[in-house]
Amino acid sequence: MVLPFQLVIRNLSKSYGGLPLWDGLDLTLVSGRAYCLMGASGIGKTTLFRILLGLEKPDEGTICYRPMPKGRLTAVFQEDRLCESFSPLENVSLVVGKAMGREEIARELSCLLPLESVARPVSTLSGGMRRRVAIARSLLAPSCGILMDEPFTGLDEETRRQVIGYVKRKIGGRLLVVATHQEEEVKELGGERILPFM
């Protein structure tokens with residue numbers, strides 16, 4: 001159970017080669033809600049996620065939690081970042097540790113994948129199946145919130161709805177931030193549409 005918290009971003013600035021992505025970004029994100037970052041490619045959505053994950057540093061500004069939650073943020077990147085020779089079950093086991101047994105992980109994965117694929121090497125799966133493994137892994141890992149960078153790209157309409165339904169069931173009281181270009185995804189997630197860089 002994640003206790004309520006706020007992720008507060010104040011006066012955040014970032015530039016590359018002297019060209020600003022954004023200057024003085026202010027956002028307050030509240031756990032238990034879904035937010036959808038909208039905007040054209042190249043305006044800094046992925047960079048913001050990388051900063052929130054500690055993979056990059058901003059030029060200026062602060063990021064703080066009120067109060068500090070237990071756990072960390074997990075992510076679904078635009079690349080799946082799976083262990084190719086491992087099965088979906090093994091990929092999830094890496095992040096959940098002893099919190100879930102193999103049978104429970106297999107049950108969760110079968111909500112998104114054909115059961116026969118759960119024990120196959122990820123390298124043998126289609127792009128859409130790999131995407132679903134990455135999404136399941138982020139949701140099943142212990143965390144206070146999840147950042148998803150265009151997570152439903154490449155999924156057909158029926159599969160996308162199935163996956164979004166799973167995301168909504170599993171998010172609990174955690175923070176969810178999704179970068180997307182699709183208004184339909186905002187509606188299906190029940191997310192708050194925000195345009196932080198406009």
Hydrophobic clustering (ILVMFWY, side-chain heavy atoms < 4.5 Å, transitive) - are [Y] and [X] grouped together?
X	Y	result
L155	I146	yes
L147	V163	no
F49	V167	no
F86	V122	no
Y166	I164	yes

**Message:** Any carboxylate oxygen within less than 4.0 angstrom of a Lys/Arg side-chain nitrogen, looking at R130 and E84?
**Reply:** yes

Would you name the heavy atoms of [X] and [Y] that are closest together and state the gap between them?
X	Y	result
S85	P121	O-CB, 4.0 Å
P20	S15	CA-CB, 3.5 Å
R131	T153	CD-O, 3.8 Å
V95	A141	CG2-CB, 3.8 Å
A34	L189	CB-O, 4.4 Å
L12	W22	O-CE3, 3.5 Å

**Prompt:** Step by step, would you call D80 with V133 a side-chain contact (heavy atoms from CB on, under 4.5 Å)?
**Reply:** CA-CA 8 Å; D80 297 319; V133 175; over 6 Å; no

Determine whether more than 12 heavy atoms belonging to other residues, nucleotides or ligands lie under 6.0 Å from atom [atom1] of [X].
X	atom1	value
R81	CZ	yes
E158	CD	no
E103	CD	no

Hey, could you give me the [atom1]/[atom2] distance between [X] and [Y], rounded to the nearest 0.5 Å?
X	Y	atom1	atom2	value
I63	K57	CD1	NZ	12.0 Å
E108	K170	CD	NZ	3.5 Å
I43	L37	CD1	CG	8.5 Å
E104	L109	CD	CG	11.0 Å
D23	N11	CG	CG	7.0 Å
S31	L175	OG	CG	7.0 Å

**Prompt:** T28 and side chain to side chain donor-acceptor pair (under 3.5 Å): which partner among R66, R10, Q6?
**Reply:**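 Among R66, R10, Q6, the one meeting side chain to side chain donor-acceptor pair (under 3.5 Å) with T28 is R10.
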
**Item:** Stepwise side-chain contact (heavy atoms from CB on, under 4.5 Å) check, I135 with F152
**Value:** CA-CA 9 Å; I135 290 169; F152 313 117; 4.2 Å; yes

**Item:** Pair R174-S143, side-chain donor/acceptor within less than 3.5 Å
**Value:**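 There is such a pair (donor and acceptor under 3.5 Å, judged by atom type) between the side chains of R174 and S143.
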
Beyond-backbone contact of [X] with [Y], side-chain heavy atoms, under 4.5 angstrom:
X	Y	result
V30	Y35	yes
P114	M129	yes
R169	L139	no
L48	I9	yes
C83	E90	no
L82	R137	yes

Below 3.5 Å, can you tabulate the donor-acceptor pairs from side chains in residues 176-184 to any protein atom, sequence neighbours excluded?
| from | atom 1 | to | atom 2 | distance (Å) |
| --- | --- | --- | --- | --- |
| T180 | OG1 | Q182 | N | 2.9 |
| T180 | OG1 | E185 | OE1 | 2.6 |
| H181 | ND1 | G39 | O | 3.1 |
| H181 | NE2 | E150 | OE2 | 3.1 |
| E183 | OE1 | R193 | NE | 3.4 |
| E183 | OE2 | R193 | NE | 2.8 |
| E183 | OE2 | R193 | NH2 | 3.0 |

Would you say [X]'s side chain and [Y]'s backbone share a donor-acceptor pair under 3.5 angstrom?
X	Y	result
S13	G24	yes
R161	E157	no
K70	L3	no

